[in-house]
Amino acid sequence: MIDLKFIRENTEDVRQMLAERHTEADLDRLVELDTRWRENLTHTQSLKAHQNQVSQQIAQLKKAKQDATETIAEMRELSQKIKELTAEANAAKAEIDAILLTIPNMPEASTPVGTSEADNIEIKTWGELPSFDFELKPHWELAEQLGLVDFQRGAKVAGSNFVLFKGLGARLERALIQFMLDLHTTQHGYTEISPPFLANRPTMTGTGQIPKLEADMYRCDRDEENPDSDLFLIPTAEVPVTNMFAGEILSGDELPIYYTAYTPCFRREAGAYGKDTRGLQRIHQFDKVEMVKFTTPETSYVEHEALLANAESVLQALGLPYRVVQHCTVELSFAAAKCYDIEVWAPARQRFLEVSSCSNFEAFQARRANIRFRRTAGAKPEFVHTLNASGTALPRVVIALLETYQNPDGTLRVPAVLQSYIGGLTQIG
RNA sequence: GGUGGGAUGGCUGAGUGGACGAAAGCGGCGGUCUUGAAAACCGUUGUGGCGCAAGCCACCGUGGGUUCGAAUCCUACUCCCACCGCCA
């Protein structure tokens, strides 16, 4: 979330940001509540100061074996008044916090103001777009023919847009996971994490999935009496990994921290029906290797560029052409201040597919999850900056592999870096 | 799933209604001493909120409650530990 103080002092900037993101939040109500809450608080606190003083006097009277009945009777009234005012203040603060959770992050200065995907900026491209002298098969056709994916049975077991990998398809999936984890841990200095695949409500709130995107999450355990105990299937490893340090104060010399994690990711994709759902492009459960960084505020943008390079290196090693685009204001995700997308080239359909979102959240998630650090022993705690990037999402990489490395006879070449992970096979089919 | 025990500052740990934001020890930081270090000694050392400020307020796992006053009493919950049951 954004600092309440910042909103108080820069209300119009926040209003403009909401407009540029095409988002709504009850900013006026927030400002009004904030004023009322602070007035109440100041008043209540002075009453409490008085209460504390008199309470001590009562203690002294009692010690001196003197009668305090009259004073106690007076205090009873004050106590009641304080209780009422506190209840009002708490109600106001609860509403303030609820609104705060719905306000997205302030975009970083270089973010272009835009109204659609078309306003994203292409930052770079890598690799030659390949040309073919035969007609390419779309990935879903090839995957079925090679027996790598069983779309029918995936749907039978779980429903539409769930898939089942089979044989070398399953093995390819596993090979890609291994390859990516090995790359990040041995070449880029990341520590591997294998987190829970379920997360509770505070954890989901910490990274910003809740409350805004709750409808997109699978909730698999509901506890009416303790909503905090509700469990959700994670939509990305970002959620459990970033929240590892929720409520903690790290020491400055631990930073930066680099973590990488493989997890399946679960997304209801509510409202996305019929949109690019053919084959592996948009499925409810997919595998992903994620990278998460915790950094000091002053280094986060340098770290962001390095993170992008780490993610890119996956596609480079696989020999898959891609481009990098920077999100404009309406495309920027709720919690991000700056975001690059890496989009891999899918030659059969002649289009780029997003396989990684590389974001700097600055202190937005850290403030929600209360993740802080001390520069030196004894220094004041400050919020860390959090960043993450997919490194990368698998199904769309599989799409690109199928479409890029297919032969005219319907067989598939295996990129060199994957061969050792797949029993030395150079070709599938 | 059952029974029992627990949760206090960076850590260990005292505190069962009134000067307790909290003893003591360890650790950290600063200093004295020392050629330097160690030891010893002295000092210091939580977080957040409101306020222009002085300052005030809050926080002893979390939420409610009792009371003039709660770390302390009541209550619900969460997590941790141990044992039993079940189980890959």
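By convention in this document, chain letters (A, B, ...) are assigned in the order of the sequence lines, proteins followed by strands, and residues within each chain are numbered from 1.
- Note: CD (A:E39) to C1' (B:G49) measures 16 Å, nearest angstrom.
- Counting to the nearest Å, the C1' atom of B:G18 and the CD atom of A:Q57 are 13 Å from each other.
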Could you go through nucleotides 51-55 of chain B and list every protein N or O atom that sits under 3.5 Å from one of its N or O atoms, giving the distance for each pair?
from	atom 1	to	atom 2	distance (Å)
B:G51	OP1	A:R38	NH1	2.6

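- With B:G18, B:U47, B:U78 as the choices, the nucleotide that has an atom nearest any side-chain atom of A:P381 turns out to be B:U47.
- Remark: the separation of the P atoms in B:C60 and B:C52 is 28 Å, to the nearest Å.
- The side chain of A:S55 lies closest to B:C68 when the candidates are B:A58, B:C68, B:U47.
- Residues passing the side-chain hydrogen bond (donor to acceptor under 3.5 Å, both in side chains) test with A:Q60: none are found, sequence neighbours excluded.
- Side-chain proximity of A:R372 to the nucleotides B:U78, B:U66, B:G48 is greatest for B:G48.
- Partners of A:R8 according to the side-chain hydrogen bond (donor to acceptor under 3.5 Å, both in side chains) rule, which considers only residues two or more places apart in sequence or in another chain, are A:D34.
- Between B:G69 and A:N52, no contact under 4.0 Å exists linking OP1 or OP2 to a side-chain N or O.
- Looking at residues two or more places apart in sequence or on another chain, you find a side-chain contact (heavy atoms from CB on, under 4.5 Å) between A:P202 and A:N200, A:D228.
- For B:C77 and B:G4, the P atoms lie 14 Å apart once the distance is rounded to whole Å.
- Checking B:U78, B:G46, B:C50 against the side-chain heavy atoms of A:R374 singles out B:G46 as nearest.
- Rounded to whole Å, the C1' atom of B:G51 lies 15 Å from the corresponding atom of B:A58.
- For B:G69, the OP1/OP2 oxygens have a side-chain nitrogen or oxygen of A:S79 closer than 4.0 Å.
- Nucleotides of RNA chain B nearest to A:K63 and A:K380 differ in position, and the one nearer the 5' end is that of A:K63.
- Helical stems involving RNA chain B, defined as 3 or more consecutive Watson-Crick or G-U pairs under 3.5 Å, span B:1-7 with B:78-84, B:10-12 with B:24-26, B:27-32 with B:40-45, B:46-50 with B:55-59, B:61-65 with B:73-77.
- In terms of the side-chain hydrogen bond (donor to acceptor under 3.5 Å, both in side chains) criterion, A:D26 has no residue partners (sequence neighbours excluded).
- Under the side-chain hydrogen bond (donor to acceptor under 3.5 Å, both in side chains) criterion, A:T386 pairs with A:Q365, sequence neighbours left out.
- Between the CD1 atom of A:I58 and the P atom of B:A70 there is a distance of 11 Å, given to the nearest Å.
- Look at CZ on A:R76: it is 9 Å from P on B:G69, rounded to the nearest Å.
- Residue-to-nucleotide proximity on RNA chain B shows that, of A:Q53 and A:Q60, the 5′-proximal contact is made by A:Q60.
- Aromatic rings of A:F245 and A:F294 (six-membered ring for Trp) have centroids within the 6.0 Å cut-off, being under it.
- With sequence neighbours excluded, the residues satisfying side-chain contact (heavy atoms from CB on, under 4.5 Å) with A:A246 are A:N243, A:A369.
- For the C1' atoms, the distance linking B:U47 with B:G10 amounts to 13 Å, nearest Å.
- For the P atom pair drawn from B:G13 and B:G65, the interatomic distance equals 33 Å after rounding to whole Å.
- The side chain to side chain donor-acceptor pair (under 3.5 Å) analysis of residues 162-173 of chain A, with sequence neighbours excluded, yields no pairs.
- Within residues 85-94 of chain A, no residue is approached by RNA chain B to less than 4.0 Å at the level of any non-hydrogen atom.
- As a whole-Å value, the separation of A:D228 CG from B:U62 C1' is 9 Å.
- Here, B:A82 and B:A71 have their C1' atoms 26 Å apart, quoted to the whole Å.
- One atom, CG of A:L78, and another, P of B:C57, lie 13 Å apart when rounded to the nearest Å.
- Taking the side-chain contact (heavy atoms from CB on, under 4.5 Å) definition, one finds that A:Q427 meets it with A:N407, A:T411, sequence neighbours left out.
- Every pair passing ring pair (Phe, Tyr, Trp, His ring centres under 6.0 Å) that includes a residue from residues 362-402 of chain A is listed here, sequence neighbours excluded: A:F334-A:F364.
- Neither side chain, A:N90 nor A:T86, offers a donor N or O lying under 3.5 Å from an acceptor on the other.
- Of the possible polar contacts, none joining the A:R76 side chain to the A:T71 backbone as a donor-acceptor pair under 3.5 Å is found.
- Rounded to whole Å, the P atom of B:G21 lies 11 Å from the corresponding atom of B:A70.
- Heavy-atom neighbours of A:E248 CD from other residues, nucleotides or ligands within 6.0 Å: above the threshold of 12.
- In terms of phosphate contacts, A:K83 brings a side-chain nitrogen or oxygen within less than 4.0 Å of OP1 or OP2 of B:U66.
- Whole-Å rounding puts the A:Q51 CD to B:A70 C1' distance at 12 Å.
- When the P atom is used for both B:G25 and B:U44, the distance is 13 Å, rounded to whole Å.
- In this structure, the CG atom of A:N370 is 13 Å from the C1' atom of B:C59, given to the nearest Å.
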